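Note that the structure is predicted; figures quoted are calculated from it, not measured. A, B, ... follow the sequence lines: proteins, then strands. Residue 1 opens every chain.
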2 protein chains.
Amino acid sequence: MKALVLPAFERPEGMTTHDYAFARLRQAIMVGAFRPGTSVTIRGLAEALESSPTPVREALRQLTSIGALHFLENRRIVVPRITPARFEELISLRIVLESHAARRAVAHLSERQIDHIVAIDEAIEASILAGEKAAALIANQQFHRQIYTANPDQIAMPLIESVWLQLGPILGIAMEHVAELYVVDRHREAIDALRRRDEDAVAEAIGADIREGIGGFDQQAIAKLLSLAG
Amino acid sequence: MKALVLPAFERPEGMTTHDYAFARLRQAIMVGAFRPGTSVTIRGLAEALESSPTPVREALRQLTSIGALHFLENRRIVVPRITPARFEELISLRIVLESHAARRAVAHLSERQIDHIVAIDEAIEASILAGEKAAALIANQQFHRQIYTANPDQIAMPLIESVWLQLGPILGIAMEHVAELYVVDRHREAIDALRRRDEDAVAEAIGADIREGIGGFDQQAIAKLLSLAG
DNA sequence: TTTCTGAAAATGTGATCACAATATAAGAAT
DNA sequence: ATTCTTATATTGTGATCACATTTTCAGAAA
C-alpha cells in the first residue's frame, strides 16, 4: 500500500475535521490528482489526513452525492471511469448550465467586479506562460465562478461544480499528456460582452469557451486518453 | 419535543442503515414533508429511524451536499427557506436542465418505453381525479425521470433531482393551500413529440410543462405561501 | 502451470462514549 | 416588566471498537 499524496491545503482555524477532509479531497479530485478507476479506502484516507474514519466517511459520502466518487455494490469506493459518451455528456451539460448561469449573472455584475474578472484572466495567461498547469486550471475555474456567483440568488453553482468534479480525473490525465497548454479561450470576448451587458453574447462566449477548450478534444483524443487511464 | 413523523418507507432487505436513512429523509423532503425553516437534529432523526447518530449524520451530510438541507454556522441543521427570487431561479434551472435532458433522451427511447410513459401519465390523471396529491406528485416525477433516464450516459438526473429536492418544501405548502389540483400539463404534447422523434418539440413541451405547472404560480402567490411558511 | 481452497488481512458499517459548543430556561438585578 | 447572568440540558463532533463482509494470498490439488 503506497502512501497517499494529496495536494497541499491550508486548514483554516476552527474548521471541523470533517470539513477539512471534504474540502481537501474535493480539491484533490477537482484538479485531477486521482486517476479514473483509482480506489480509495476510508482508513487509508483517514491516515493520510491524520484523523479517524468517521469524518472521512462523511466526506466520502458527500463526494459520492455530487458524483465525484462512486460507492460500488461491493462497497468499494472508486474514482468513476469516464467513457467518451459520458465525457461528451458532461461537456454538453457544462455548456447548458454555465451559459445559463452566465446569462443570469450579467445584470448583477458591477464594473468593479468585471475589473476583478479581467485581473483573473490576466493571472490565467501568466500561469500558462509560466507553464504552471495546475495554477492555470484553478484560476480558470475562478474566472467562471466569479461570473456565475455574482447573481446573489444563484442556485446553479453547486451543480456546475459537480460537473467540474466529474471532469476532474480526466483533466489530470490530459495535463500529463499535453506538453504545453495552448490558450484557446473566449474570455476576452466574454468580458467585452459583460461590459456591454449583452446577455446573449455573454452566454454565447461562455458556451464557445467551454466547447473549444477542454470540450475541444475530439472523440479520438479522448478515447486515447481514456485507454491510457485504464 | 414532538415526535417526528416521516412518510412510510419500506426498507429493502440488505439495505444499510445509512442508505435507508438517506432514502427515507430524501423522500420525505422531496414530497414536502418538511416545511422551510424547520430544524432537525441528528439524535432526533436517529430516534425516529430507530438507529444511531453515525449513519444519520452521514445521510444529513449528503442531503446538504445536494441542497436539500443546510448546516448553519451554529451547526444547526435546517430546511432551507425559499425566497421568491430563489424560487424563480429554481424554476428556470429546472427548465434549462430538463429540456436539455429530454432532448438528449429522445433518440434512446423505444416505443415500448414510450408506452410505459403513457401509462404513467394515465396514473397521474387517475391520482388527480382521486384527489391523491402526494401520489400524483410522485407519479409526475416518475414521468419526467422515465424520460430523462432513457439516455444511458445521462448525467443530468442527479442534478435535476437536486433541484426537485430544493423545491420540495414549498411543494408541501402549496399542496396544503390548494383545495384541488388542477391539471395543467403538457404531457400529451411531450408524448406526441417523443413518438415523432422531434427533439425540439420534446424540449419545448417539457419546458412549457414546467413553466405552466408549478412554475406557473406567480410571484404574488409564492410570496403569500412563503409568508405563511415563516 | 493453472485452478481451487481456506486462512489471514483489510475494509465498510454502525453503535457508543467523552468532549466542546450551543441553546434553553430559571433566577437575580435593574 | 425587562435585561442580564448562570446553571442545566441539548446538540454536533470525532475517536474507538466490535462485527460482518470482502479481498488477498499462500498452499494444495489437478
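Counting only heavy atoms from C-beta on, B:R76 has its side chain closest to C:dA23 among C:dA23, C:dG12, C:dT13. Residue A:I42 has its side chain nearest to C:dG12 when only D:dA15, C:dA15, C:dG12 are considered. The A:N74 side chain lies nearest to D:dT22 when the options are C:dT11, D:dT22, C:dT13. When each of C:dG12, C:dT16, D:dA15 is scored by its nearest atom to the side-chain atoms of A:S52, the top-ranked nucleotide is D:dA15.
One interatomic measurement links the two molecules: CD of B:E47 to P of D:dG12, which rounds to 13 Å at whole-angstrom precision. Rounded to whole Å, atom P of C:dG12 lies 12 Å from atom CD of B:E58. Regarding A:L69, its CG atom lies at a distance of 15 Å from the C1' atom of C:dG12, rounded to whole Å. Between B:Q62 atom CD and C:dT13 atom C1' there is a gap of 14 Å when expressed in whole angstrom units. Summarising the geometry, the separation between CG on A:L45 and C1' on C:dA10 is reported as 15 Å, rounded to the nearest angstrom. Rounded to an integer number of Å, the gap from CG of A:L72 to C1' of D:dT22 is 13 Å. Look at CZ on B:F71: it is 14 Å from P on D:dT11, rounded to the nearest Å. The separation between A:Y20 atom OH and D:dT13 atom P is 18 Å, rounded to whole Å.
Side-chain atoms of A:R57 and base atoms of D:dG14 include no donor and acceptor less than 3.5 Å apart.
Where A:T54 and A:R75 each meet DNA chain D at their nearest nucleotide, the meeting point lying more 5' is that of A:T54. Nearest-nucleotide positions on DNA chain C for B:E73 and B:P55 put B:P55 closer to the 5' end.
Taking a 6.0 Å sphere around CD of B:E47, one finds it holds 12 or fewer heavy atoms contributed by other residues, nucleotides or ligands. By the 6.0 Å contact criterion, CD on A:Q113 is enclosed, its count of non-hydrogen atoms from other residues, nucleotides or ligands being greater than 12.
B:Y148 and B:W164 have tilted rings, their planes meeting at an angle from 30° to 60° on a 0 to 90° scale.
Cation-pi check for A:R11 over A:Y20 is met; the charged atom lies under 6.0 angstrom from the ring centroid and within 45 degrees of its normal.
Between the side chain of A:D153 and the backbone N or O of B:A85, no donor-acceptor pair lies under 3.5 Å.
Here B:R43 lies in heavy-atom contact (under 4.0 Å) with a base.
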